[in-house]
2 protein chains.
Amino acid sequence: MILKSQVEWVLHCCAILSALPENKYLATKDLAEFNGLPKEYLSKALQSLSQAGLLVSTLGPSGGYRLAKPPGEITFLDVIEAVEGKNSTFQCTEIRQKNPCRPKGYCEPAPCGIARVMGEADEAWRQKLRSVSLTDLSRMLTEGVPPELLQKSFEWILART
Amino acid sequence: MILKSQVEWVLHCCAILSALPENKYLATKDLAEFNGLPKEYLSKALQSLSQAGLLVSTLGPSGGYRLAKPPGEITFLDVIEAVEGKNSTFQCTEIRQKNPCRPKGYCEPAPCGIARVMGEADEAWRQKLRSVSLTDLSRMLTEGVPPELLQKSFEWILART
DNA sequence: GAGAGACTACTCGGATACAGTCTGTCCGAGTAAATCCGG
DNA sequence: CCGGATTTACTCGGACAGACTGTATCCGAGTAGTCTCTC
């Protein structure tokens, strides 16, 4: 069980888009180039975010993506669920119903204990991801980085906006 | 990102093996039949548990598997990691090193912020799974189930031990 | 100089391809208990 | 009746195959700015 590499990609892209001036768009091509990623496939991931309502896109020249909401209102979980889907990491197939000793037509009174534990673990994971916003991410990604590198990156991005 | 179905299978199998008398073995064939699972493929999963030191196997007739430790000393996480591996759900590929503005030979001072958050979420998930043992599981799976069904299942298993 | 039309750069969506993983099956080698057979 | 040889029932491990998912690539359709051309 491992997350798609797209998850890492779009999180980095979201961090960049957070730094963009109001109402400016950045093209997939530039996001791909800045992160050293395959443009076409990254595009698919960004489309997912767009469909999830996290990004807004514009066509034509100087088109591209921008955040659909303030970075403080977008969480890690939003981004990850947009790419991975909202399904729980554990799918209960009701194995207990296969028990040969089980009377026909017997109806289980409560959800399977295994599913319950797995569901709680999944929720703990999601809760942690829900607690971190893109604003928090920007802070974490910039602290400890030399100012001239930040400045240079910012200008690189701004020049393509 | 979804867990293998083998995870659900072996958790159910572990619950059954927890109920076994001391030093009694149950064959893969019977575990598969009781849970309505493909015997050969289930066998692969049980082998993983055996290699992880959670189960002990014996060859020959009346062979099979039993728990290697008291059920209170085996956790959900032990079982899941035996099947899924111990890798984190998130693999950081150090995208930030691809930044075209990054000076050559520049060395990152700290782990990537994204990897840190994802790692913490992963740890929250594992922590929850670490807190539930097979003893807890047995309690959860039996409560609310009619005594005659439990009795019948127990005899079914015991007859094949 | 202004307006209409052509051009360009981009997103979007579908089609396709390839590799790896998940799920499942089959079979032979090795092993331990049960059975059989000879003395 | 006893001990060794054979049979049997199981695990273990490897080989194999099909389906699905993840990782890409390519291209055509649609769109919004920009450019050009004509009046």
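As the structure is a computational prediction, the values presented were derived from the model and not from experiment.
Between C/dT23 and B/Ser5, a contact under 4.0 Å exists linking OP1 or OP2 to a side-chain N or O. An OP1 or OP2 oxygen of D/dG13 is reached within less than 4.0 angstrom by a side-chain nitrogen or oxygen of B/Gln51. The shortest distance between the side-chain N/O atoms of A/Ser57 and the OP1/OP2 oxygens of C/dC12 is below 4.0 Å.
For the segment residues 11-49 of chain A, residues with any heavy atom less than 4.0 angstrom from an atom of DNA chain C are, sorted by number, A/Ala27, A/Thr28, A/Lys44, A/Gln47.
Side-chain contact between A/Glu120 and B/Val132 is absent, with no heavy atoms from C-beta onward closer than 4.5 Å. Taking the side chain as every heavy atom from C-beta outward, B/Phe76 and B/Asp136 never approach each other to under 4.5 Å.
In this structure, B/Arg66 atom CZ and D/dC10 atom C1' are separated by 17 Å, rounded to whole Å. Remark: P of D/dT8 and CG of B/Leu59 are 18 Å apart, rounded to the nearest angstrom. Remark: P of D/dC20 and CD of A/Gln91 are 16 Å apart, rounded to the nearest angstrom.
Annotation: the span from A/Gln47 atom CD to A/Thr28 atom OG1 amounts to 8.0 Å, rounded to 0.5 Å.
Using bins of under 30°, 30° to 60° and over 60° for the plane-to-plane angle, the ring pair B/Trp156/B/Phe34 lands in the tilted bin.
Closest-nucleotide positions on DNA chain D for B/Val56 and A/Ile2 were compared, and the one nearer the 5' end corresponds to B/Val56. Along DNA chain C, the nucleotide nearest B/Glu84 and the nucleotide nearest A/Tyr65 are compared for position; the residue whose nucleotide lies closer to the 5' end is A/Tyr65.
Closest to the side chain of A/Lys4, out of D/dG22, C/dA33, C/dG13, is D/dG22.
Ion pairing between A/Arg96 and A/Glu94 holds under the 4.0 Å rule for side-chain N and carboxylate O.
Here the closest heavy-atom approach between residue B/Lys86 and residue B/Arg126 is recorded as O-NH2, 3.4 Å.
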